[in-house]
Amino acid sequence: MHEVKTPKRPLIFYYIIVMLILALFNFLAMPWLAERQIKEVDYGTFMSMTERGEIGLVEVRASENQIVFTDKEQTTVYETGMMPDPDLTGRLYSSGAQFSGQIIKQTSPLLSALLSWVLPIVLMIAVGQFISRRIARSMGGPNAMMFGGDKSGAKVYVQSSDGIKFSDVAGEDEAKDNLKEIVEYLHDPSKYKEIGASMPKGVLLVGPPGTGKTMLAKAVAGEAQVSFFSMSGSEFVEMFVGMGASKVRDLFKQAKEKAPCIVFIDEIDAIGKKRDGGIAGGGNDEREQTLNQLLTEMDGFEGNTGVIILAATNRPESLDPALTRPGRFDRRVPVELPDLAGREAILRVHARKIKVAEDVDYLQIARMASGASGAELANIVNEAALRAVRQGRQVVTQEDLTESIEVVIAGYQKKNAILTDREKWTVAYHEIGHALVAAKQTNSAPVQKITIIPRTSGALGYTMQVEEGNRYLMTREEIEAKIATLTGGRAAEEVRFGVISTGASNDIEQATKLARAEICQYGMSDEFDMVALETVTNQYLGGDASLVCSAETQSKIDARVVELVKRQHEKALAILRDNSAKLDELAKYLYERETITGEEFMRILNS
Ligand code: ADP
């Protein structure tokens, strides 16, 4: 699909206008200014010029106590003070000077007013306008300062055969099925009209960032071969109250003219946030007006006009209920993180654009990249291609892909990070601790790779675990095994060195989160049974949990969480003490090699 942009006037256009104004000013005002140039001389010079007969015109301004005169050629105007000199007139006469009433012509009052203040003001306004437009443009939106301007600034894509199609969006089959109906409607609205069915006016795509929501919206337009208007919610929010609303109006006006078409509003939560009823803070007026305008526009057109509004958000719970009620965004299409098969398909779609070795095992890569979004997978493939180029190869290999997963997850290898020998040993034991505890608990996923090469993200090493298939449920035992694995790093340091380091901070955070969720969200404790003690907000953005219980219960929960983590920590310590010979052997092996695979690990463990 091709984006069509409204042509901008080049900068040179404005320069020419300013230059023209300046030239005009020179042309009109300069001669007059030159005329006004008066040279001041002393009385002696005046006397001697009189004696030499060099005076052309002369004017005695008795009221100002001045004499104004010119030379014979009348090119220069002079001025001098008057002295008591009764013979002056006679001498001037005999020198041949002519007496004049008005050497300096008074300019017309209109012209002088024009030149002295109208022109500068006009110039200042013109320059001011020019600068403010430039600023407005650089602050986003070409018409930010044009009140009631007639362009919404939406990106417009026109139909073309090379647009994004559903086949470019891998996985996400449910979302695609859902949207296919809309494509069908745009193809043949009469079929729907006959039976009296009207399409939903708005479809809300919800899901975590980078899962292909924008792509899906574009694919709908591409499949239906209709125009596509795209605008981000944040682009509506303007500096001045009323501007956002006018942008919404213009967007819908344009869309109706181009119907059938798709209007896509990305990050609709930027304007569609719940309106707070209470004190009307001035800061929210603009957003509210924009939202109201959007609601009005959506109500204003019939379901059969052929304009379909798609919107994307990753915080659906924060949207104003008015926006999600029937008749507006009444259809909600979840766009979730891809599962194993989805990840494999996405990798394959993106691998089509690069040269890949024949023997690449996409399934294996997809397994390793568990939890990655479509955007991250696209990034992984691109990083792999870049790595291949860096190493002077023609095709991307399996190794490039595995390494790039680590780059995307943990950052680049930090070649120049120098760990002391003691630190390196600590990291080796820490990582082996995690892996050993994981392997010894039957419910833990096997390890894929362990490395102690520092990464730019700050990780000094990590253990990559791989889930075999898709996991939708976790048992209580599995959660607790995971907590034990997380504490395994610190436990190994304790078992071997008897001292503990700061390296476990991330583990601690994750273990606590899991333990808290087990008690508060999953109802897995005897004490609280199946009582919801926490609600999750922002489920697509990491899932912040907020407690919904009394302060008294809170302190009890805290005690339970500590108890749970402690129990798992002790379990990890016991596992490592029981296997301390293996711990040493594996840590030494890792220390020497810096990166070991899951197979090597298991071979040593089972030998
Ligand atoms: P969102 O709008 O959900 O944040 P985007 O649609 O902008 O995500 O996706 C960003 C990029 O990620 C896309 O340009 C594409 O390269 C890649 N991507 C995401 N999901 C998919 C998918 N399902 N199939 C193929 N590529 C995808």
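Whatever order the structure lists them in is the order used to number ligands and atoms, beginning at 1. Nothing fancy with the numbering, it's 1 onward along the sequence. Both backbone and side-chain heavy atoms feed into the values below; hydrogens, waters and symmetry mates do not.
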Stepwise, does the side-chain contact (heavy atoms from CB on, under 4.5 Å) test hold for Glu172 with Met215?
CA-CA 11 Å; Glu172 307 301 349; Met215 260 190 119; over 6 Å; no
Tell me, with the steps shown, if Lys482 and Glu518 meet salt bridge (charged side-chain N to carboxylate O under 4.0 Å, His left out).
CA-CA 12 Å; Lys482 213 165 177 175; Glu518 181 182 321; over 6 Å; no
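In this structure, atom 7 (O) of ligand 1 lies nearest to the protein heavy atom Thr214 OG1, 3.5 Å. In terms of protein heavy atoms, atom 4 (O) of ligand 1 is closest to Gly210 N, 2.8 Å. The protein non-hydrogen atom at the shortest distance from atom 12 (O) of ligand 1 is Ala375 CA, 3.1 Å. When hydrogens are left out, the protein atom nearest atom 18 (N) of ligand 1 is Gly374 C, 3.6 Å; that is the closest non-hydrogen contact. From the protein, the heavy atom lying nearest to atom 13 (C) of ligand 1 is Met215 SD, 3.8 Å.
Side-chain N/O atoms of Thr397 and Asp400 include a donor and acceptor closer than 3.5 Å. Counted by atom type alone, Gln293 and Glu297 present one or more donor-acceptor pairs between their side chains at under 3.5 Å.
Using modelled atom types, one side-chain atom of Glu223 and one backbone atom of Phe166 make a donor-acceptor pair closer than 3.5 Å. Listed for the Gln441 side chain is a donor-acceptor partner under 3.5 Å among the backbone atoms of Ala481. Listed for the Lys213 side chain is a donor-acceptor partner under 3.5 Å among the backbone atoms of Gly207.
Between Phe228 and Phe264, the ring planes lie parallel to each other; the angle is under 30°, not in the 30° to 60° tilted range.
Close approach to Ala170 involves these atoms of ligand 1, each under 4.0 Å from a residue heavy atom: 22 (C), 23 (N), 24 (N), 25 (C). Near Asp168, with a cut-off below 4.0 Å to any heavy atom, the atoms of ligand 1 are 24 (N), 25 (C).
The shortest N or O to N or O distance between Gly212 and ligand 1 is below 3.5 Å. For ligand 1, the polar-atom distance check finds no N/O of Glu172 at less than 3.5 Å from any of the ligand's N/O atoms. Considering backbone and side-chain atoms alike, Asp266 places every N or O at 3.5 Å or more from each N or O of ligand 1. Any N or O atom pair closer than 3.5 Å counts here, and Val169 shares no such pair with ligand 1. By the 3.5 Å distance cut-off applied to N or O atoms, Ala378 is not counted among the residues near ligand 1.
More than 12 heavy atoms of other shown residues, nucleotides or ligands fall within 6.0 angstrom of atom CD in Glu317.
Annotation: side chain of Ser404 is in contact with side chain of Ile380 (closest heavy-atom distance under 4.5 Å).
The part of Ile346 lying near ligand 1 is the side chain, judged by heavy-atom distances below 4.0 Å.
Ligand 1 has at least one atom lying under 4.0 Å from a heavy atom of His350. Between Ala312 and ligand 1 there is no heavy-atom distance shorter than 4.0 Å.
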